[in-house]
Amino acid sequence: MSEQVINIRLPRLHPSQAHVERNKKRYTVLCCGRRWGKTSYILYEVAMALLQGKRVAYVAPASTDNAYKAVWRDVQERLKPITKKSNQADKTLTLINGGHLALYTFNAIDRLRGDTKGWDVIALDEVAFAPNLNKSWGDVIRPALADKQGRAFISSTPKGLNDFYAIYQRGVQGENDWASFRYPSMANPYIPPSEWGLMESELTASTYQQEILAEFVEGAGAVFRDIGDVSTLEERAPYNGRIIFGVDWGRDNDYTVISIIDADTRQQVGMTRFNKIGWDVQRARLKALYDAWQPMRVVAEENSVGGVNIEALRLDGIPVMGFTTTMQSKRQIIDSLSLAIEKRDILLLNTEIQKNELMAYAQRKTSSGNYQFGAPSGAHDDTVMALAIAWWGVQNAVLNFDMLMF
């Protein structure tokens with residue numbers, strides 16, 4: 001008796017979708033313009049997992065109801081020949097090979113808690129429109145993947161600098177098991193390029209940036225603007241010049257960042273960042289950079305452990321000047337850097353990490369009526385602080401070393 005052949009039609013991946021598929025990690029984040037094919041890529045991953053007998057959850061905001069229903073219809077249609085049971089009311093589907101799919105909205109995300117079998121894949125769609133994404137990830141989604149060491153696919157078009165921006169940064173920052181990808185709408189080869197030109201003429205600049213170019217657009221409270229206009233440089237090899245180092249310390253959750261500026265050209269010529277290594281190794285790396293560049297000044301954050309590191313570096317022959325960060329001094333150096341960027345008095349490296357941190361850096365009013373500077377919850381601002389400290393060092397380069405005190 002011959003075996004029956006069942007053909008299952010999966011979404012066809014275009015080149016940039018195929019690139020994501022080849023380079024995905026355990027947690028894969030997609031920031032893409034409209035019509036790039038985010039949902040079709042998610043459907044591909046969902047279907048592939050189900051065909052392998054995996055347990056899969058698809059989650060989308062209730063506000064994207066049409067997309068949610070479209071996914072359900074699409075999966076039902078594609079997998080109908082091998083479906084054992086389908087529940088329209090609960091939006092669950094079980095295949096003859098044991099593969100199981102359940103659809104949820106973010107409003108009902110707590111239902112994932114009650115599942116005792118765990119999940120192989122959780123696909124999160126249009127998450128920029130989800131309420132409390134960071135909290136849902138930490139409280140519900142990530143623990144639900146623990147039993148099976150499952151994967152997550154997280155996709156959306158951006159919406160300002162909200163929780164999706166913070167999640168996207170985890171891949172940009174190079175965290176273990178995270179990969180982030182960003183594609184504009186025109187990376188979809190099946191839509192005529194002329195369409196994007198028409199949209200650019202019809203939409204506002206900020207809408208086109210966000211919806212088509214998939215850029216995280218600065219919102220209210222943003223401190224630095226037009227970052228892309230000044231972020232044009234490539235890193236340079238060490239050379240003789242009036243070089244300033246700015247150092248912001250970090251170790252476990254935060255990063256140590258060393259920002260390097262040429263005081264004469266007002267150009268950022270280098271930057272390095274690292275974490276999760278001991279202070280001895282960090283100081284050795286700074287010393288290696290010092291020996292290579294021979295900077296005229298090294299300015300390093302003195303707060304907390306900074307003072308200990310500075311003292312150790314001085315004993316090693318590196319004349320480091322400490323910078324004490326207070327509410328007042330922080331505002332001064334941030335305002336100074338913001339003005340320099342606005343006036344194009346400084347040119348910066350074209351690095352995604354620094355550009356994203358500068359773009360997200362914001363001023364927020366506290367309950368006491370004061371204003372605080374910083375990154376969104378869950379994001380970093382280490383490159384911003386190192387750059388601001390280095391720029392302060394540049395501005396004061398003509399003064400006597402011993403006079404440089406706040």
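Small disclaimer: the values here were computed from a predicted structure and weren't measured. Numbers for residues simply follow the sequence, beginning at 1.
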Looking at [X], I'd like to know if its [atom1] atom is crowded, meaning that more than 12 non-hydrogen atoms belonging to other residues, nucleotides or ligands lie closer than 6.0 Å.
X: Glu77; atom1: CD; value: no
X: Arg35; atom1: CZ; value: no
X: Lys148; atom1: NZ; value: yes
X: Arg12; atom1: CZ; value: no

If we ignore hydrogens and angles and just use 3.5 Å, is the side chain of [X] paired with the main-chain N or O of [Y] as donor and acceptor?
X: Glu211; Y: Gly33; result: no
X: Ser329; Y: Thr324; result: yes
X: Ser231; Y: Ile227; result: yes
X: Arg26; Y: Gly150; result: yes
X: Asp316; Y: Ile318; result: no
X: Asp120; Y: Arg55; result: yes
X: Asn97; Y: Leu51; result: yes
X: Thr105; Y: Ala60; result: no
X: Arg297; Y: Phe245; result: no

- Item | Contact summary for Ile333 and Ala388, nearest pair of heavy atoms | CD1-CB, 3.9 Å
- Yes or no on side-chain contact (heavy atoms from CB on, under 4.5 Å) for Gln267 and Ile261, after CA distance, side-chain angles and deciding distance? CA-CA 6 Å; Gln267 295 182 353; Ile261 299 179; over 6 Å; no
Looking at residues at least two apart in the chain, or sitting in another chain, which of them share a side chain to side chain donor-acceptor pair (under 3.5 Å) with [X]?
X: Asp248; answer: none
X: Ser185; answer: none
X: Asp229; answer: Arg344

Would you say the side chain of [Y] lies within less than 4.5 Å of the side chain of [X], judging by non-hydrogen atoms?
X: Trp119; Y: Asp147; answer: no
X: Trp391; Y: Ile346; answer: yes
X: Leu286; Y: Ile258; answer: yes
X: Glu126; Y: Phe129; answer: yes
X: Phe181; Y: Val29; answer: no
X: Leu358; Y: Leu348; answer: yes
X: Thr28; Y: Val20; answer: yes
X: Thr383; Y: Met271; answer: yes

- Note on the structure: Sequence neighbours excluded, the answer for side chain to side chain contact (heavy atoms under 4.5 Å, CB included) partners of Lys25 is Ala179
- Item | Non-neighbouring partners of Asn132 that pass side chain to side chain contact (heavy atoms under 4.5 Å, CB included), sequence neighbours left out | Lys135
- Pairs where residues 151-180 contributes a residue and the test ring-ring contact (aromatic ring centres under 6.0 Å, His included) is met, not counting sequence neighbours: Tyr27-Trp178, Trp137-Trp178, Phe164-Phe216, Tyr165-Phe216, Tyr168-Phe216
From [X] atom [atom1] to [Y] atom [atom2], the distance as rounded to the nearest 0.5 Å:
X: Lys38; Y: Cys31; atom1: NZ; atom2: SG; value: 9.0 Å
X: Asp163; Y: Ile167; atom1: CG; atom2: CD1; value: 7.5 Å
X: Asp381; Y: Leu387; atom1: CG; atom2: CG; value: 12.0 Å
X: Leu13; Y: His19; atom1: CG; atom2: NE2; value: 13.0 Å

Using the ring-ring contact (aromatic ring centres under 6.0 Å, His included) criterion, which residues pair with [X]? Sequence neighbours excluded.
X: Trp36; value: His14, Tyr183
X: Tyr255; value: His380
X: Tyr239; value: Trp293

Any luck finding a side-chain donor-acceptor pair between [X] and [Y] under 3.5 Å?
X: Ser86; Y: Thr83; result: no
X: Gln268; Y: Gln354; result: yes
X: Thr325; Y: Glu301; result: no
X: Glu357; Y: Gln173; result: yes

- Query: So does Arg78 pair up with Asp74, basic N to acidic O under 4.0 Å?
  - Reply: yes
- Query: Is the closest basic N to carboxylate O distance between Asp264 and Arg242 below 4.0 Å?
  - Reply: yes
- Working for side-chain hydrogen bond (donor to acceptor under 3.5 Å, both in side chains), residues Thr157 and Gln210: CA-CA 7 Å; Thr157 298; Gln210 179 170 274; over 6 Å; no
- Carefully, step by step, assess Asp291 and Lys287 under the rule salt bridge (Lys or Arg N to Asp or Glu O under 4.0 Å). CA-CA 6 Å; Asp291 292 339; Lys287 187 177 188 306; 3.2 Å; yes
- Item | Residues Ile389, Val247; criterion side-chain contact (heavy atoms from CB on, under 4.5 Å); working and verdict | CA-CA 7 Å; Ile389 292 171; Val247 184; over 6 Å; no
Summary of salt bridge (Lys or Arg N to Asp or Glu O under 4.0 Å) pairs that have at least one residue in [range], sequence neighbours excluded:
range: residues 95-111; result: Asp110-Arg113
range: residues 275-285; result: Asp280-Arg283
range: residues 45-54; result: Lys24-Glu45

- Given Val59 and Asp125, is the side-chain contact (heavy atoms from CB on, under 4.5 Å) satisfied, shown in steps? CA-CA 6 Å; Val59 188; Asp125 207 0; over 6 Å; no
- Query: Step by step, would you call Phe106 with Leu133 a side-chain contact (heavy atoms from CB on, under 4.5 Å)?
  - Reply: CA-CA 9 Å; Phe106 273 93; Leu133 175 61; 4.1 Å; yes
- Task: Could you please spell out the steps behind the side-chain hydrogen bond (donor to acceptor under 3.5 Å, both in side chains) verdict for Gln76 and Trp72?
- Result: CA-CA 6 Å; Gln76 281 187 304; Trp72 175 243; 3.2 Å; yes
